[in-house]
2 protein chains.
Amino acid sequence: MTGTVGGRRRRQRSTRQGGLVRDQLAAGEGFRSAQTVFAELRAKGEEVGLSTVYRHLQVLADEGQADTLQTGDGEALYRLCGTDGKHHHHLVCRNCGRTVEIEGRGVERWASQLAEEHGFSDVNHTIELLGLCSDCSQTRPRD
Amino acid sequence: MTGTVGGRRRRQRSTRQGGLVRDQLAAGEGFRSAQTVFAELRAKGEEVGLSTVYRHLQVLADEGQADTLQTGDGEALYRLCGTDGKHHHHLVCRNCGRTVEIEGRGVERWASQLAEEHGFSDVNHTIELLGLCSDCSQTRPRD
DNA sequence: TACTCTGTTGGTAATCATTATCAGGCCGGT
DNA sequence: ACCGGCCTGATAATGATTACCAACAGAGTA
Ligand SMILES: [Zn+2]
Ligand SMILES: [Zn+2]
Ligand SMILES: [Zn+2]
Ligand SMILES: [Zn+2]
């Protein structure tokens with residue numbers, strides 16, 4: 001039998017492209033889209049296919065190595081995350097993308113309590129804070 | 001000069017289609033997509049164009065009469081809301097769409113305090129709770 | 001009521017992100 | 001080196017949303 005066949009996902013084969021995507025994602029600061037990562041890699045002269053970028057970002061997300069969020073116009077953004085799968089949220093600068101990881105113990109409690117209160121079960125939540133970081137709010141005092 | 005020209009938006013002309021979309025949205029319980037509302041109207045034999053449905057849902061959202069949220073796969077959902085533009089969130093059943101309006105005083109405070117703490121300004125937040133309502137969790141104990 | 005001025009409508013084409021396909025290439029174990 | 005199967009990536013397909021724009025219909029006005 002080859003590798004992990006028992007009950008878990010078949011071991012992910014390590015490839016050049018997989019490394020490229022992960023590295024490129026790690027290189028940047030904030031959340032970025034698959035299209036962006038693809039463009040960045042191509043700009044660096046790396047040879048990767050768009051499909052492959054999508055695939056690896058998806059894998060990273062599934063593995064809990066990357067966090068995702070949706071822009072208002074339905075575009076998925078990814079970001080490599082250091083918290084190793086632990087549940088958390090983000091405070092993101094809508095201008096430069098700088099991101100602060102948030103661990104809101106209280107909010108989690110609030111959410112689950114509220115759910116129970118209304119008879120809901122199996123509830124998960126989406127919480128994202130989007131604003132301007134200190135640097136960016138100085139640079140552009142108003143729109 | 002005709003109608004409201006001063007400083008506000010030119011008066012919205014009242015049309016048959018506008019009423020249809022609003023009514024159809026009001027008829028349902030939970031959040032629905034533009035495509036769905038369009039299909040429902042057509043199923044009832046009403047003559048409306050897809051573009052028009054999109055337009056009116058957008059208008060309702062802009063006016064604060066309807067709330068919106070994004071499904072995981074980038075589809076916008078709309079729901080007519082009674083809270084008259086007051087800021088709030090939702091606890092939605094992912095199965096039947098039943099929705100409970102949430103007014104989380106504490107969470108609002110938490111969010112703004114957290115933002116300030118990290119030097120962020122002009123912060124808005126997205127909070128959605130998605131689960132199974134009591135009825136649906138009984139009906140389908142597991143997937 | 002007839003007329004005119006605009007905002008509105010809606011079929012269709014265009015966008016655009018994401019996914020499905022699938023033949024050919026590469027990884028890993030033997 | 002050999003093989004079987006996962007991985008890759010160009011391309012087509014999908015699906016929601018938007019752009020277009022000529023025909024249409026509210027709402028004042030005479
Ligand atoms: Zn994170
Ligand atoms: Zn910033
Ligand atoms: Zn609401
Ligand atoms: Zn339900």
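These numbers come from a predicted model, not from an experiment. Per chain, numbering begins at 1; letters A, B, ... match sequence-line order.
Rounded to whole Å, atom C1' of D/dC7 lies 11 Å from atom CZ of A/R16. Look at CZ on B/R55: it is 11 Å from C1' on D/dC20, rounded to the nearest Å. Between the CD atom of B/E47 and the P atom of D/dA23 there is a distance of 19 Å, given to the nearest Å. Between A/L50 atom CG and D/dA10 atom P there is a gap of 9 Å when expressed in whole angstrom units. When the P atom of D/dA16 is taken as reference, atom CD of B/Q70 falls 14 Å away, rounded to whole Å. Nucleotide D/dA10 holds its C1' atom 14 Å from the CD atom of A/Q17, rounded to whole Å. Note: OH (B/Y54) to C1' (D/dA19) measures 14 Å, nearest angstrom. When the P atom of D/dT8 is taken as reference, atom CZ of A/F38 falls 14 Å away, rounded to whole Å.
Applying side chain to side chain donor-acceptor pair (under 3.5 Å) to B/D67 and the options B/H88, B/R79, B/H89 leaves one that passes, B/H88.
Dashed line: the shortest gap from a side-chain N or O of A/S14 to OP1 or OP2 of C/dG28 is under 4.0 Å. The phosphate of C/dT9 has OP1 or OP2 within less than 4.0 Å of a side-chain N or O from B/H56. For D/dT8, one of the phosphate oxygens OP1 or OP2 lies less than 4.0 angstrom from a side-chain nitrogen or oxygen of A/T15. The phosphate of D/dG9 (OP1 or OP2) has a side-chain N or O of A/T52 nearer than 4.0 angstrom.
Considering all non-hydrogen atoms of both residues, B/L132 and B/C93 come closest at CA-SG, 4.1 Å.
Criterion: ILVMFWY side-chain heavy atoms under 4.5 Å apart, direct or through other members. Under it, A/F120 and A/I127 are part of a common hydrophobic cluster.
Between A/H125 and A/H87, the ring-plane angle classifies as perpendicular under the 30° and 60° cut-offs.
Looking at B/T68, its side chain never comes within 3.5 Å of a backbone N or O of B/A66 through a donor-acceptor pair.
The 5' end of DNA chain D is approached more closely, in terms of each residue's nearest nucleotide, by A/R42 than by the other of A/R42 and B/G74.
Below the 3.5 angstrom threshold, one finds a donor paired with an acceptor across the side chain of A/R13 and the base of D/dC6.
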What verdict does the side-chain contact (heavy atoms from CB on, under 4.5 Å) test give for B/H56 and B/T15, after you've listed the backbone C-alpha separation in whole Å, the side-chain angles of each residue and the deciding distance to 0.1 Å? CA-CA 11 Å; B/H56 280 286; B/T15 65; 4.1 Å; yes

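Within the model, atoms CZ of B/R32 and CZ of B/F38 stand 15.0 Å from one another, a figure rounded to the nearest 0.5 Å.
Using a 4.0 Å heavy-atom distance criterion, B/S33 is classed as making no nucleic acid contact.
Each end of the helix from C/dT1-D/dA30 to C/dT30-D/dA1 yields a helix axis from five base pairs, and these two axes differ in direction by 30° (to the nearest 10 degrees).
Of the candidate nucleotides D/dG9, D/dT17, C/dG28, D/dG9 has the atom nearest to the side chain of A/S51.
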